[in-house]
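All of these numbers come straight from a predicted model, not from anything done at the bench. The residues of the chain are indexed from 1 along the displayed sequence.
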Amino acid sequence: MAEELKIAVFASGKGSNLKAILDAIKERRLINTAVVCVISNKKDAGALEIAKFNSIPAYYISQSNYSNSDDFDAAIIEVLIRHSVNFIVLAGYLKLLSPRIVRKYKDRILNIHPALLPKFGGKGMYGLNVHRAVIECGEKISGATVHLVDEEYDHGPIVLQDSIELDPDETPESLQKKIQEIEHRIYPEAIKLFVEGKFIEKEIINNEY
Ligand code: GRF
């Protein structure tokens, strides 16, 4: 992808992945890339504060303020068009993107998940729930996954993963902390693959998911 990546980050939570991406851009580990807007469905999301602090347009767009999902989608699409967005990064966005948006940005939407997909993904698998399930299942390793987004939760071709071994006395909280450190490293790396045109169609087709 030779064009500049104009990214919209969607986030519902504290926004540490957004911050990691912005840091990578500032430190020029990520070039030819800009976060042009941040969209949240949660009014008090830390990600919106991080956006404002960095003078990035920040939008609170909640389904609850629209009478139907078409109008909600239209509001999001209007922001994406206004900022000429050509790539979407989901960073803890706790809402399924509509098929209309997924189709419009086909193969240009990334998500990060705090486990080694295809294990421990799907509806309800977020936050500490994921790490609790990993520990309860007696897994010896866990990690983080960046994947392309399709119309299902935590589904779609895997772009990048990294893993760690669990300690014998691992808790969901300790695991979450370690995996967030992995996320902050691999999310900018995954975006870089797209900036450099290294994540090509062939790899997508060959990827098992
Ligand atoms: C991350 O753990 C990510 O894997 C998941 O949601 C969390 C978001 O954290 N999808 P933050 O808001 O980026 O700190």
- Can Glu181 and Arg185 be counted as an ion pair, charged N to O under 4.0 angstrom? no

- Query: Looking just at side-chain N and O atoms, do Gln180 and Glu183 make a donor-acceptor pair shorter than 3.5 Å?
  - Reply: yes

- Query: Hey, what else clusters with Leu116 if you join Ile, Leu, Val, Met, Phe, Trp, Tyr whenever side-chain heavy atoms sit under 4.5 Å?
  - Reply: Ile141

- Message: Give me the atom names and distance for the closest heavy-atom approach of Ala144 to Ile182.
- Response: CB-CG2, 3.9 Å

- For the hydrophobic clusters of this structure (ILVMFWY residues joined by side-chain heavy atoms under 4.5 Å, transitively), does one cluster hold both Val38 and Ile76? no

- Cationic N near anionic O, under 4.0 Å, Glu49 to Lys52: yes

- To the nearest 0.5 Å, atom CG of Asn32 lies from atom CD1 of Ile191 at 13.0 Å

- Query: Is the closest basic N to carboxylate O distance between Lys119 and Glu139 below 4.0 Å?
  - Reply: yes

- Looking only at heavy atoms, the pair that brings Tyr93 and Ala11 closest together is CD1-N, 3.9 Å

- Message: Side chains of Ser98 and Asp73 only: does a donor on one sit below 3.5 Å from an acceptor on the other?
- Response: yes

- Item | Main-chain N/O of Asn86 paired to Arg108 side chain as donor or acceptor, under 3.5 Å | yes

- Message: If I compare all heavy atoms of Phe72 with all of Lys95, which pair ends up nearest, and what's the gap?
- Response: CE2-CE, 3.3 Å

- Item | Ring center gap for Tyr105 and Phe87 short of 6.0 angstrom | no

- Taking Thr145 for the side chain and Gln161 for the main chain, is one N or O donor matched with an acceptor at less than 3.5 Å? no

- Asn54 and Lys19 side chains, donor-acceptor separation under 3.5 Å: no

- Task: Would you name the heavy atoms of Leu80 and Ala8 that are closest together and state the gap between them?
- Result: CD2-CB, 3.6 Å

- Message: I'd like to know if the side chain of Asn129 and the backbone of Gly124 have a donor-acceptor N/O pair within less than 3.5 Å.
- Response: yes

- Determine, for Glu196 against Lys192, whether the closest basic-nitrogen to carboxylate-oxygen distance falls under 4.0 angstrom. yes

- Item | Distance-minimising heavy-atom pair for Leu97 and Phe10 | CD2-CE2, 3.9 Å

- When rounded to the nearest 0.5 angstrom, what distance separates CG in Leu5 from CD1 in Ile88? 11.0 Å

- Message: Can a donor-acceptor pair be found, under 3.5 Å and without considering hydrogens, that links the side chain of His155 to the backbone of Asp150?
- Response: no

- Query: Distance from Ser174 atom OG to Asp169 atom CG, nearest 0.5 Å?
  - Reply: 7.0 Å

- Step-by-step side chain to side chain contact (heavy atoms under 4.5 Å, CB included) determination, Val36 to Ile56: CA-CA 6 Å; Val36 294; Ile56 296 167; over 6 Å; no

- side chain to side chain contact (heavy atoms under 4.5 Å, CB included) between Thr33 and Glu4: does it pass, once the steps are laid out? CA-CA 6 Å; Thr33 305; Glu4 186 192 18; 5.9 Å; no

- Message: Take a 6.0 Å sphere around CD of Glu165 and say whether it holds more than 12 heavy atoms from other residues, nucleotides or ligands.
- Response: no

- Looking only at non-hydrogen atoms, find the nearest pair between Val130 and Pro114 and report the distance. CG1-O, 3.6 Å

- Message: One thing to verify: whether Asp154 and Lys123 come together as a salt bridge, which I'm taking to mean a side-chain N less than 4.0 angstrom from a carboxylate O.
- Response: no

- Message: Under a 3.5 Å distance rule, please check whether Glu170 uses its side chain to pair with a backbone N or O of Asp167 as donor and acceptor.
- Response: yes

- Message: Can you see whether His184 engages Ser16 through a side-chain donor-acceptor pair at a distance of less than 3.5 angstrom?
- Response: yes

- Query: Can you list the other members of the hydrophobic cluster that holds Tyr126, where links are side-chain heavy atoms under 4.5 angstrom apart?
  - Reply: Leu94

- Query: How long is the span from the OG atom in Ser142 to the CG atom in Asp162, to the nearest 0.5 Å?
  - Reply: 11.0 Å

- Task: Determine yes or no for a side-chain-to-main-chain donor-acceptor pair under 3.5 angstrom, with Ser40 supplying the side chain and Leu48 the backbone.
- Result: no

- How long is the span from the CD1 atom in Ile77 to the CD1 atom in Ile61, to the nearest 0.5 Å? 10.5 Å

- Query: Taking the six-membered ring for Trp, are His113 and Tyr153 ring centroids under 6.0 Å apart?
  - Reply: no

